[in-house]
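Here the structure comes first, spelled out in structure tokens, and everything after it is commentary.
Keep in mind that the numbers below use all heavy atoms, side chains included, and drop hydrogens, waters and symmetry copies. We number each residue from 1, following the sequence as shown.
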Amino acid sequence: MKVENYFIREALSVRWPASMEEILFSALESTYPFFLLIDGEKIVGCIKRETLYTKIKEVGLNKIRFIPMESISTNVSVVTKEQITEKLDDTNKIIVVKEETGKIKGVFDLRIHTKIQEKVGEDKWLFKEMQAFFDEFFLSVFVTDEKGKVISVTSQDDQQHLGKNVFDLEQERVFYPSITAKVLKSGKRETGIQYTKKGEIFQIESIPVKNEAGEVVRVLSITKDAPELTQLKRNLEETKALLDSYQREIASFRQDKYEDKALIFKDKKMEEVFELIRSVASVDTTILILGETGVGKQMVANQIHSMSHRRDKPFITINCGAIPENLLETELFGYEEGAFSGTRKGGKLGLLQIADKGTIFLDEIGELTPTLQVKLLRVLQEKVIMKVGGTKEQKIDVRIITATNKDLKKMILTGTFREDLYYRINVVPIQIPPLRERKEDIHALSYYFLKRFNKNYQKYIQLLPNQLEQLLGYSWPGNVRELENVIERIVVLEKPIFFEKKEPVESYFHEQSISKDQITNLTETMEKIEKDILLKTMEHCSTTREMAKRLGVNQSTIVRKLQKFGIR
């Protein structure tokens, strides 16, 4: 046999004499399988890492100093590469190979060589496999053939993969990305991080074994013992927990945004609504809030939450008509990592999960697609959710309040809304009357908004009796939202409301022209006009999708503009 076929391994030199503690420290600080004991220029013995660890395990670490050196040390023969064949029948088990210059090349273990020789006849490639295997014998090894079929493993956990193909295992995400598959594609040695379906992380080094023609006939994948990967996994888990925490914090900010707004009313009709709110707040039944755009459906939902036993838990609001339908499902239910391209590490919590133990308010419920209606119905019936791309259901405890300005009964007849979902969300309906039917509330809300905007803008604008009379005479198609915006405009522009009796009140709000004295800045003027157009369009449209269609722009543009001008 050629000299190159012998398995010569590297070794670490340890100055002799040395204590057992010093030898152990040398072993811990290196990965060498052999330790040569050097006394001056003479090699007096060799210790195998495997033998050392076995002995320590046998007697215990606290008795290491009492281990006799002769019980773990093996005599050596020093030869050149050319002399190896002459020493094969030597009684010594460890042979130290030196260069002609006297430099130590490595160690040849006769026992390992003998075992390899015994197996060579069974598989002509086994010798090369074992060379690579014993080069890293203290690590887990995973062997495939040239097509990716798993033919040999050393780990007990990998036994289940025997006979399977790594390309299939990768596709099924048993482990991914497969470093073995990368080697079979590139024909080169590859190293990388590999994940498993269980969430484990491993550092893999895959080595191709080639025949005389340079073709890959085996791939040996070695699992590196890298403690830093465990720390990396821990860091990833902490990062995911931090992201979840941020999501919950954002939800808390949303909750605070509405908690500081009082439900202002004086009209008897709203007193009846408030009594109904008080009676249903203490129970967890589902509620459907009905009313025109801008009447204050969200304020009513918040009032129900703040008076319930869930008041200290999250109150999450989502406008089903303001979010594109392809994103709404992930917003509500979240997604698992890898559910689709562009997902972030660790996946994402859905708003239903963030609202657990609290309340979620689904505004414009009539905008839900049929698919989401089915998923929401399951949430209401079973109290479980499943993330997009997930395989496991999760229990949640959340109260669901919905609202709409549409006629859901008509939608049921046209087949755009599920009848079973309608009866699930309509256990207790709350109808909020429009502002034009609540004259006393116009008075109360006007002064409430006036006080708030005066404080915000540090002004002292007052409403004169004639001005208030005109506010009371207006029909308010935009309801409370429109009134709020009008009062803000009065405070910001500091313009009194005076009209001839013959002039309709609506002209101030919708047909107001701009004189040359008012035009001071083109950008500001255009923004005012843009805001007025949005307010007008909102009076005739019940959703942002309808507004976008009427104005000939994308829905996202409408949502962004409404947020910019603070139109709610």
From [atom1] ([X]) to [atom2] ([Y]), nearest 0.5 Å:
X: Leu24; Y: Leu52; atom1: CG; atom2: CG; answer: 6.0 Å
X: Arg545; Y: Gln555; atom1: CZ; atom2: CD; answer: 5.0 Å
X: Tyr422; Y: Thr402; atom1: OH; atom2: OG1; answer: 10.0 Å

Thinking salt bridges, do [X] and [Y] make one under a 4.0 Å N-O criterion?
X: Asp145; Y: Lys147; value: no
X: Glu331; Y: Lys348; value: yes
X: Lys164; Y: Glu172; value: no

*Give a yes or no answer on whether the side chain of Arg399 reaches the backbone of Thr285 with a donor-acceptor pair at less than 3.5 Å.*
yes
Residues, nucleotides or ligands: over 12 heavy atoms within 6.0 Å of [X] [atom1]:
X: Tyr53; atom1: OH; answer: yes
X: Lys149; atom1: NZ; answer: no
X: Lys383; atom1: NZ; answer: yes

*asked:* Quick one about Ser206 and Glu190 (side-chain donor to acceptor, distance below 3.5 Å, no hydrogens or angles considered), yes or no?
replied: no
*Kindly say whether the aromatic ring centers of His161 and Phe175 come within a distance under 6.0 Å.*
yes
*Check whether any side-chain heavy atom of Val150 sits under 4.5 Å from a side-chain heavy atom of Thr180, and report yes or no.*
no
*Go through the steps for Phe34 and Lys48 under the test side chain to side chain contact (heavy atoms under 4.5 Å, CB included), then give the verdict.*
CA-CA 5 Å; Phe34 296 98; Lys48 294 175 63 175; 3.4 Å; yes
